[in-house]
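My questions will all concern the structure given below.
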Amino acid sequence: MYDAQLWQPTVSHEMLRKRAELLRSIREFFWQHDVLEVDTQLLSLASISDPHIEVLTTQAKCLGKTQTYYLQTSPEFAMKRLLCSGSGDIYQLSKVFRAEETSSRHSIEFTMLEWYRLGMNHWQLMAEIEALLVNVTGEGQIRCEYKSYAEAFQLYVGVDPFVAELESLQALAHRHTEFGLQETCRDTLLELLFSTLVEPNIGQHQPCFIHSYPPSQAALAKVQTSVSLAGIPIETAARFELYWKGMELANGYYELSDSVEQMQRMQLDLEARVKDSKPERQIDERLVKALEAGLPECSGVALGIDRLLMVLLEAKNIESVIPFTNDRA
Amino acid sequence: MTVLLREENMAISASDMRNGAKVMIDGDPCAVLDNEHVKPGKGQAFNRLKLRNLKSGRVWERTFKSGDSMEAADVMDTDMEYLYTDGEFWHFMATDGSFEQHAADETAVGDNVKWLKEQEKYVVTLYNGAPLAITPPNFIELEVTETDPGLKGDTANGGSKPATLTTGATVRVPLFINIGEVLRIDTRSGEYVSRATGK
């Protein structure tokens, strides 16, 4: 129900100041590190193909024709088109939109910091993220922990995620959530177990990077060879996530630049969407063309600014850091 | 009087479940106490529901895929007045002017039998039209039918003594309370609050 009385912001004036300070120190950091700020459009004529993310759309008249525009779920595609055109290192602070359920840590509209570094692998990018956190928080004692996906899983779930049998994953998931006995998708079970058993236990004191994901959970990251817990060589994806005080803050990759692979992945995603009766979307073929022209070797990361603020200021709800979110809009 | 359409039992998806929604889980009517949206990784979304089984009272958590749906449970809370008991059933009447009567059995009444006072208002939870549970008001005023005269200075029991009330409930009361006095009792804790004022 639209209640006119709810005009007040849900954030304190102190929070407004803290947010302004954070944005300023982020800009300072990138200025010092020679990374260019870009400001690409929120609207696109195409969208992501992801089967699990829903997007906001709008119609607008352009040259006498009504077009469907999609609101970005991240600035990634626009920024990659810039990278392929020779922009060099770039970063962006922008609003992104995800048509999802809201929660204490989910807002339909939120702020993402996303940046790309040419010639850096994901290890180097993780080191830069740590430097950024030290810089913007003024906390010299921040020392990020590093755990591989397999290590974290073994430690908190008790099995090696790369070799565990489907049946044992089903049983584990069911034991802890009462869901899973009928689930045949391995990654769904791994993700549920990770979220239920690993996430609450990592990054409680220092921020924690989880790296080296199963390749099936990071289709667009480079693949690397690692040594499994059992001592045998396995393939893992050069993907990482950052967790701090129970919150997922960032997601990054050593980017795969293969345009053929990208197009194949988009097609598979689209088929999955059709199968689930989800709305079809215009594939971003312009991104594919850009990749054909060549994406320089780079790593990229997307970091949630609102959640970072929540961690820094010990806020329990995202509405404490966003003035007019969700039903307060 | 509201008529419940029982032929069409609505399905609600896990992501749409609000606090207070009543759904069927494993054949039992349950109330949703909390619904947390969980998006692990970049894949399938889940909802972690905190549920209360309305038959057994058990509170527990279960996770569902966001798109999974459950049958809505035909559960309704109605304000009713307690009339009388015939020893087997306890009879209530709706207070909305419909004169609708319901008979609650021993299981539905449970422990709350000690708070049943004629003409008092209770919330009766109806499941498929039949009483599943009753909830007494938070506070109730009941008369003392039995208690020992309190001996002044008797601090051996922390300055209190047992008393029996008209409904059969026993509560601990201050030593100065006598038979015939009407007391205000907190039904949630079963404790004496004060002497009843007025009424």
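Note that this is a predicted model, so its numbers are computed, not measured. First the proteins, then the strands, lettered A, B, ... as listed; each starts at 1.
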Side-chain ion pair, A:Glu248 and B:Lys39, N-O less than 4.0 Å
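A salt bridge is absent here (no side-chain N lies under 4.0 Å from a carboxylate O).
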
Is the number of heavy atoms from other residues, nucleotides or ligands under 6.0 Å of A:Arg273 CZ greater than 12?
yes

Is it the case that atom NZ in A:Lys278 sees more than 12 heavy atoms from other parts of the structure closer than 6.0 Å?
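Enclosed.
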
Below 6.0 angstrom between ring centroids: does that apply to B:Phe46 and A:Phe179?
yes

Quick one: are B:Trp60 and A:Glu178 in side-chain contact, heavy atoms under 4.5 Å?
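Of all side-chain heavy-atom pairs linking A:Glu178 with B:Trp60, at least one is under 4.5 Å.
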
Crowding at CG, B:Asp111 (>12 non-hydrogen neighbours, <6.0 Å):
no

Region of A:Ser104 in contact with chain B, defined by heavy-atom distances below 4.5 Å:
neither

Are the side chains of B:Arg48 and A:Ser195 in contact, using a 4.5 Å heavy-atom criterion?
yes

Hey, what do you get for NE2 (B:His37) to NE2 (A:His106), rounding to the nearest 0.5 Å?
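Answer rounded to 0.5 Å: 4.0 Å.
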
Give, as side chain, backbone, both or neither, the part of A:Thr177 having an atom under 4.5 angstrom from any heavy atom of chain B.
both

Relative to chain B, which segment of A:His176 carries a heavy atom at a distance below 4.5 Å: side chain, backbone, both, or neither?
neither

B:Asp68 versus chain A, heavy atoms under 4.5 Å apart: side chain, backbone, both or neither?
side chain

Is there side-chain contact between A:Thr196 and B:Thr63, with heavy atoms separated by less than 4.5 Å?
no

A:Cys185 side, atom SG; B:Lys65 side, atom NZ - distance, nearest 0.5 Å:
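Those atoms lie 7.5 Å apart.
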
